[in-house]
Amino acid sequence: MPIKKVDPKVDFIAMEHKVLDFWEENDIFAKRVKANEGKPRWSFLDGPITANNPMGVHHAWGRTLKDMYQRYKAMDGHELRYQNGFDCQGLWVEIEVEKELGFTSKRDVEEFGIEKFVDLCKKRVHKYSKIQTEQSKRLGYWMDWDNSYYTMSDENNYTIWAFLKKLFNNGKVYRGTDVVPWSGRSGTSYSQMEIIEGRKLVAHDAVFVRFPLNNRENEYLLVWTTTPWTLTSNVAAAVNVNLDYVCISAADGSKYYFAKENLKVQRLDKQFKEKKNWIDGVPKLKTIEQIFKEHGGFTEERTLKGSEMVGWEYEGPFDHFQAQHEPGGFPFKKKNLESQGIRGVDCHRVIDGGKDDIGNDIVVAGEGTGIVHIAPGCGDIDNKIGKKLGLVDIAPLDDESKYIEGFDWLTGKLATDESTKNEIIQDLKDRQILVYVEQYPHVYPHCWRSGDELVFRIVDEWYINMDWRDKIKSIVDDIEWKPAWGKEREHEWLDNMGDWMISKKRFWGLALPIWTFEDKSFYVVGSKEELKELAVEGWGEFEGNSPHRPWIDKVKIRHPETGLIGTRIKDVGNPWLDAGIVPFSTMGYISDKEYWEKWFPADFITECFPGQFRNWFYSLLAMSALLEEKAPFKTLLGHALVKDETGRDMHKSWGNAIWFDEAAEKMGVDVMRWMYAVQNVEHNLRFGYPHANEVRKKIITLWNTYSFFATYAALDGFTPEANGLDKQELSLLDKWVLSKLHTLISDARTHFDQYQADKFIRKVERFLDDLSNWYIRRNRRRFWKSEDDGDKQAAYYTLYEVLLNMAKILSPLLPFITETIYQNIVRNVDKNAFESVHLCNYPEANSKWIDEKLVSQVDALKHVVELGRSSRNKANLKIRQPLATLAFVTKDDEIAAFIHEHQDVILDELNVKKIERTSKSTDLIDYEIKPNLPAIGQLYGKDVPVIRKKVIEADPISIVKALKTNGEYSLKLGDKIINLTTDLVLVEMISKEGYTAAEGDGLTVGLTTELDESLRREGLVRDIIRQVQILRKEAGFAVEDRIHVFTKFPEDILKSIEDFKEYFCNETLTVGLHKEYQSGEFFKDITVRGTTFPIGLKREITD
RNA sequence: GGCGGAGUAGCUCAGUUGGUGAGAGCAGCGGUAUAAUAAUCCGCGUGUCGGGGGUUCGAGUCCCUCAUCGGCUACCA
């Protein structure tokens, strides 16, 4: 069967669906996999996509890169695993399921039943992993979709157990009682990695309050806080011992202590003025001075050092609450303090704030009052100070962020509620503790999923001691980071990270394999088998279920050494453990070590950069460093983010989001893939329809070259034979385009091997331009002509070779259009050919086709045409106006000869009558001599400006002569003589003024602008021809229709037409030229060179 | 607050180890072509290369400084 004719008006979207069906029906993917069995392995590791929502256009970027490089490696002859991954466990899924169920708190889940809830989470993951699978297929993403890994799988979870077990054996797992950021809405704490995601700028009601000092009548500490709810749990007040403090006396006689500097400090002044990190509507902050002035004025009493205040006792703001009177603290008790009977109220004194780990003062002047309210149960730093100084902890909130018993009227109220806060402020006001309230804008941590404001609570959490970070850092350098700065970023994170909090007080996630015992010891179980061995209770209920809550919670174990019976902690794990373990779990680290050794480490991973340095990359590196002390992947390609077309984030609520499905069906996925692949990975991608249209133009160009070929190939019944190209008598342009093609093939391999698809695509763009706007345009007639000679065959074979190889080299990038082309031009002709372009081998450049000299000669020829067009433009002489002579200048005799040899191209393209080389430099051009500054600079340094001046001022002709005869040109510089050799001067030719000329790349082209009568008339006729052609088109005549033309030509035009009557009639298919106007079938006024006259057309009746 | 960045045409961005009058794509304008869909090609730019200072024979490029915009990071109590 021959090649089929192709409609140039293709519907790309429909075509893509056809190709998808074709792959599906014929198992093309499976055939590719089979073909590559046993070939050298190339290991790609997929970072799991969160299977919680449909896939977005931002995911499609990474997935395009993943698919493209995998397709390339497959065609290049490698065995691949093709395993996609879904991230399944974690809070993000829980939150969505809660939303569906209308839940508002963790308690709702417990009442609903953990088992049912966890089942719904699993269902959600299954639902969206299916949707994402279908979307990915639509994108053309080739994966072994039935073999996707799920991070919730038993294998994945148990492999994490093995990891934790190893850490446990090394003594790196510990339980910490710390104050951590906590979401009452989600009922869990957050790790260092997570709170970074959820920081938001908000305005809080900040309060100035006063703590009355004991034994100092009417004297107060002035304290400031943005979290009034923590005042209930105040234990102490910290100062900076080295700072100056001031005592002022207010209008009512009461005295206040605070940092002296703060009296006049304009807090957040810069932020307010620049409206940067500022919230609209929040008034400017007042200085403390201003606040007191507005309260009736004040006088400064004295200045003192902070150290003088240390030890002063005061009365706390909520000392009437029971919690303040519990020995040892509340509800957590410090044993030693409890035995001494020390209560919250007993700790109320001024303390030295001290320094933090890096040696900075904890208490500073500036934002607050220089006296910091310390609540060791409500803040991280407060807690550390409390531990150091032996203060009790008062922790007021339960896991929903509500006040617990012991806090009087606040018990049961939600700390983050606006109303609670208002009640507290009102209470402080009523009891005359409040001095002033203001709105204070600052960045505060929020729950990254629910948006809930975080509070700080004391909780038991589980940590990995990361004191072995050097082990991780050492493998970072074994990885090739693309872009290279990724390495530094990763090191930076590793240097600064703290211990890894791995526990989460939730339901759906990795069941941390930690069992605790009554003697406060704990034990980490490393495998399902070990669990079975140690189980003393609940195994029967657990067996057959996945290692998740609630089933796992039933199993109790006997401690292998102490024999005590232990219960599993209720916590689930940090989800980055789930994703970090995949180089082990998915490759059978435990179950099939032989397989694992084949595929580990991965050759390549590619993911979106932001965030992953502390998330996936981190967990991958950490887990691999511990388990194998080896980098888990060799090359990492990171890419930036997808934004909307103006550079803003895409948001559902802003209405600027583009959904994947919509984009795929409107733009087409070949277009999308091109956009993604050509994007510089370091820059954010501005995704939008205008951008897509630019890309579509390029794909259309490819399509049109193909449809041009296919149309004529079908007409002529062209059927390529094997090695047919070798037998052809190729034209110059055939060889030229084939040379460019093979260079492009070579570049394709180079750039794909280096994961630089963008560079490859830029070259494809240039090649397409050469192909379409030079090769095809110049050679069109060879395909049209009626005789089927060798020349025509050569043209067919050449274009066939180009299109076939283009289809192959572009197939990883544009899998659909290339498949369509391949099916027609290859499979239609040869049923024994590979069934799909994607089953072909990636082409190899054949050096026998690469002829750089010829390419440069043809490029020069092309350049002459471009320069000629440029000259015409400058002189405002359109192509239709024939000109007598084109003259060109070049130093290169070979090029000159070449241009002469192929002058027909130039005559045709530029509509000139003859062409000649001018060696008389004075005709067309002047020489311009320029000093070669980099070279001269190195030799003569400071003399450069003088030399430059002299060279420029010298007579160019004499320099050229001197160089030609002596090989150097000498000039005097004071008493020095400087010899400028050829390499120190640049000789350039420039067009002389007054000529229509252009120059570049060592070529100069000029056109004679003078028109004789004959040229002028010919031009005039061509103008008329053009107008008539337009009329024919407007009239809707067929291209082959013969016509009669009716008009009364103005005299000048009439003479011209008569001179070139035959030419005119041939071009316009005119059989009758009538000198009287008649409207005919179609008529219109036309304007030629300023003269307007009506013209009428009528078709010749042929039958 | 700390640490990298960035700034070049109306818009998006290139500009090698400092070297001669600073570039591309898009948009606009003029012309032009028909294998080419939202479709071709050619031509058209007085850019304080963010401001200022310095190093150098020479700075978009190196150094300092000021203002601007983003990123990462931080326990702003």
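What you see below is based on every heavy atom in this structure, not just the backbone, and it leaves out hydrogens, waters and symmetry mates. Numbers restart at 1 for each chain; the letters A, B, ... are given by sequence-line order, proteins then strands.
Comparing B:A77, B:C26, B:A36 by their nearest atom to the side chain of A:Thr701 picks out B:A36. Taking the side chain of A:Val364 as heavy atoms from C-beta on, and the options B:C72, B:C26, B:A77, the nearest nucleotide is B:A77. Considering only the side chain of A:Thr705, B:A35 comes nearest among B:U40, B:C41, B:A35. Listed nucleotides: B:U40, B:A35, B:U12. Nearest to the side chain of A:Arg686: B:U12.
When heavy atoms are screened at a 4.0 angstrom cut-off, A:Asn773 is found touching base atoms of the nucleic acid. Among the atoms of the strands shown, none is found under 4.0 Å from any heavy atom of A:Gly379. Note on A:Arg780: a base of the nucleic acid sits closer than 4.0 angstrom, heavy atoms only. Across all strands shown, A:Trp703 has heavy atoms under 4.0 Å from base atoms, whether or not it also approaches the sugar-phosphate. Here A:Val179 lies out of heavy-atom contact (under 4.0 Å) with every strand. Residue-level contact check: A:Tyr440 touches the bases, meaning some heavy atom is under 4.0 Å from a base atom. Contact annotation for A:Tyr712: no contact, since no heavy-atom pair falls under 4.0 Å across all strands. Among the atoms of the strands shown, none is found under 4.0 Å from any heavy atom of A:Arg762. Here A:Val223 lies out of heavy-atom contact (under 4.0 Å) with every strand. Residue contacts shown for A:Ile362 include a base, since a base heavy atom lies under 4.0 Å away. Among the atoms of the strands shown, none is found under 4.0 Å from any heavy atom of A:His691.
The aromatic rings of A:Phe718 and A:Tyr796 lie parallel to each other, with less than 30° between the two planes, well short of the 60° mark. Relative ring orientation between A:Phe609 and A:Phe613 is described as parallel, the plane-to-plane angle staying below 30° on a 0-90° scale split at 30° and 60°.
Residue A:His683 places none of its side-chain N or O atoms closer than 4.0 Å to OP1 or OP2 of B:A6.
Regarding the sugar-base torsion, B:G25 falls in the anti class, its angle being beyond 90° of 0.
Counting distance only, with no hydrogens placed and no angle test, the side-chain atoms of A:Ser772 and the base atoms of B:A35 include a donor-acceptor pair under 3.5 Å.
Atom P of nucleotide B:A36 and atom CD1 of A:Ile817 are separated by 16 Å, given to the nearest angstrom. Atom-to-atom, CG of A:Asn496 to P of B:G1 comes out at 19 Å; the value is rounded to the nearest Å. Distance A:Leu910 CG to B:C41 C1': 13 Å, rounded to the nearest Å. In this entry the distance linking CZ of A:Arg1022 with C1' of B:G31 reads 14 Å, nearest Å. The distance from atom CG of A:Asn684 to atom C1' of B:C69 is 14 Å, rounded to the nearest whole Å. Between the NZ atom of A:Lys697 and the P atom of B:A35 there is a distance of 20 Å, given to the nearest Å.
To the nearest 0.5 angstrom, A:Ile458 atom CD1 is 4.0 Å from A:Asp393 atom CG. Annotation: the span from A:Ile817 atom CD1 to A:Met806 atom CE amounts to 10.0 Å, rounded to 0.5 Å.
Between B:U8 and B:G52, the two P atoms lie 16 Å apart (nearest whole Å). Going from the P atom of B:G10 to that of B:U46 covers 11 Å, rounded to whole Å. Between B:G43 and B:C3, the distance separating the two P atoms is 49 Å to the nearest Å. Look at the C1' atom in both B:C44 and B:G5: the space between them is 36 Å, to the nearest Å. Look at the C1' atom in both B:C72 and B:A6: the space between them is 14 Å, to the nearest Å. B:C62 and B:A14 are spaced 15 Å apart, taking the P atom of each and rounding to whole Å. Taking the C1' atom of each, B:U65 and B:C29 are spaced 43 Å apart, rounded to whole Å. When the C1' atom is compared between B:G47 and B:C11, the two are found 14 Å apart, to the nearest whole Å.
Side-chain contact between A:Asp649 and A:Asp644 is absent, with no heavy atoms from C-beta onward closer than 4.5 Å. In this structure, the side chains of A:Lys387 and A:Asp178 come closer than 4.5 Å at one or more pairs of heavy atoms.
Of the N and O atoms on the side chains of A:Asn240 and A:Asp361, at least one donor lies less than 3.5 Å from an acceptor on the other residue. With hydrogens and angles left out, the side-chain atoms of A:His204 and A:Thr227 include no donor and acceptor closer than 3.5 Å. Between the side chains of A:Glu694 and A:Trp674, no donor N or O sits under 3.5 Å from an acceptor N or O.
Residues satisfying the side chain to side chain contact (heavy atoms under 4.5 Å, CB included) criterion with A:Asn704, sequence neighbours excluded, are A:Pro8, A:Ile700, A:Ser707.
Scanning RNA chain B for stems, defined as runs of 3 or more consecutive Watson-Crick or G-U wobble pairs whose donor-acceptor distances all fall under 3.5 Å, gives the following ranges: B:1-3 with B:71-73, B:10-13 with B:23-26, B:28-31 with B:41-44, B:50-54 with B:62-66.
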